[in-house]
Amino acid sequence: MSSIKICSAFVIVTVLCVARLVAAGPVEPISRKTAARQQGTAVLFFASYQGILREIEFSPIIFNEVLVNQGSAYSNDTGVFTVPVAGIYQFVFAAQLCRGDHNNLWHFMVKGDRRMACHAQVSGGDTTLNTCYLMEELKKGDQVWMRQNVGSCAWASTVSKTITFSGVLLASEGVSTLGGKYGSGSSCPLPSLGHTKNIVSASAGQSAAVSTVAITMMLCLLLLD
């Protein structure tokens with residue numbers, strides 16, 4: 001490919017990026033008040049079960065040791081997590097399997113329905129830690145818990161904490177609780193300008209894009225020289 005064609009491609013891509021940033025307009029920084037409100041909606045819990053879940057049905061499993069419960073949405077009296085804020089949640093269930101022949105089957109229960117199966121099977125003297133994940137968009141008031149089927153068996157000591165149930169709110173009202181807007185469109189790639197503040201306006205991105213045009217033109221001149 002000739003130098004002229006390479007330069008033309010660079011210029012076209014850069015101009016498109018600038019046009020997109022200009023069309024997007026400036027983005028206002030998140031105020032401290034808004035950030036505090038978002039932080040206040042953080043919901044996460046981590047609970048464990050001490051003892052052995054022998055081969056009977058548990059619905060729900062009551063994880064009686066609560067290690068984290070921000071938002072107070074998990075009840076260690078009932079074993080049920082009640083959604084306090086509508087959004088996208090992720091839940092994790094882990095269980096250390098008992099030795100011997102067991103057909104281990106657990107379910108994530110959402111609003112009373114079996115939403116997802118968590119199955120594991122070993123034989124003889126084998127054992128393993130089985131971990132399952134569920135991610136779902138839920139409404140305020142929805143309830144989530146873990147159900148154990150007959151024939152399953154898991155164990156945990158007071159130290160090992162090998163039977164656990166946890167959950168976290170990932171995004172609410174279009175805003176990710178992990179930082180940034182959920183579902184926002186991606187921007188054009190720009191050259192790295194070093195570490196800056198976490199929140200920048202689109203005008204800064206536009207200035208960087210204009211600088212990129214100048215750099216691209218200089219590179220083209222060098223290639224054509």
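What you see below is based on every heavy atom in this structure, not just the backbone, and it leaves out hydrogens, waters and symmetry mates.
- Every pair passing ring-ring contact (aromatic ring centres under 6.0 Å, His included) that includes a residue from residues 85-117 is listed here, sequence neighbours excluded: Phe81-Tyr89, Phe81-Phe91, Phe93-Trp106.
- With hydrogens and angles ignored, the 3.5 Å screen pairs a side-chain donor or acceptor of Gln148 with a backbone N or O of Ile56.
- Glu65 has its side chain within reach of Lys161: a pair of non-hydrogen atoms, C-beta onward, lies under 4.5 Å apart.
- In this structure, Val85 is a member of the same hydrophobic cluster as Val110, with clusters built from ILVMFWY side-chain heavy atoms closer than 4.5 Å.
- The backbone N or O of Trp155 sits less than 3.5 Å from a side-chain atom of Thr162, completing a donor-acceptor pair.
- Cluster membership for Ile52 and Met146, using ILVMFWY side-chain heavy atoms within less than 4.5 angstrom, is not shared.
- Pairing each heavy atom of Thr78 with each of Pro60, the nearest pair is O-CG, 2.9 Å.
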Just do the side chain to side chain contact (heavy atoms under 4.5 Å, CB included) check on Ser166 and Tyr74 with the steps written out, would you? CA-CA 9 Å; Ser166 61; Tyr74 174 77; over 6 Å; no
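- Residues Met109 and Arg114 are in side-chain contact: their nearest non-hydrogen atoms beyond the backbone lie under 4.5 Å apart.
- Side chain of Asn104 to main chain of Cys153: a donor-acceptor pair is present (N/O by atom type, distance under 3.5 Å, no hydrogens or angles).
- Note that CG of Leu53 is 11.0 Å distant from CD1 of Ile62, once rounded to the nearest 0.5 Å.
- Put simply, CG on Leu169 and CD on Gln90 are 11.5 Å apart, with the number rounded to the nearest 0.5 Å.
- For the pair Ser172 (side chain) and Ala86 (backbone), a donor-acceptor distance under 3.5 Å is present.
- Linking Ile, Leu, Val, Met, Phe, Trp and Tyr residues whenever their side-chain heavy atoms come within less than 4.5 Å leaves Trp145 and Val92 in two separate clusters.
- Contact of the Leu67 side chain with the Thr164 side chain is not registered, since no non-hydrogen atoms from C-beta on lie closer than 4.5 Å.
- Taking the six-membered ring wherever Trp is involved, the centroid distance between the rings of Tyr49 and Phe165 does not fall below 6.0 Å.
- In this structure, the side chain to side chain contact (heavy atoms under 4.5 Å, CB included) partners of Val68, at least two apart in sequence or on a different chain, are Leu44, Phe46.
- Judged as a salt bridge (Lys or Arg N to Asp or Glu O under 4.0 Å), the pairs with a partner in residues 142-154 (not counting sequence neighbours) are, in order, Glu57-Arg147.
- The distance from atom CD of Glu136 to atom NZ of Lys139, rounded to the nearest 0.5 Å, is 11.5 Å.
- Follow the hydrophobic side-chain contacts under 4.5 Å out from Val80 and you never reach Val43; the two are in separate clusters.
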Could you walk me through whether Leu138 and Val144 pass the side chain to side chain contact (heavy atoms under 4.5 Å, CB included) test, one step at a time? CA-CA 10 Å; Leu138 301 172; Val144 182; 3.8 Å; yes
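- A distance of 7.0 Å separates CZ of Arg54 from SG of Cys98, quoted to the nearest 0.5 Å.
- Closest approach of Ala117 and Leu105 over heavy atoms only: CB-CD1, 4.0 Å.
- Within the model, atoms NZ of Lys140 and OG1 of Thr82 stand 11.5 Å from one another, a figure rounded to the nearest 0.5 Å.
- Side-chain contact check for Ser152 versus Phe58: every heavy-atom pair is 4.5 Å or farther apart.
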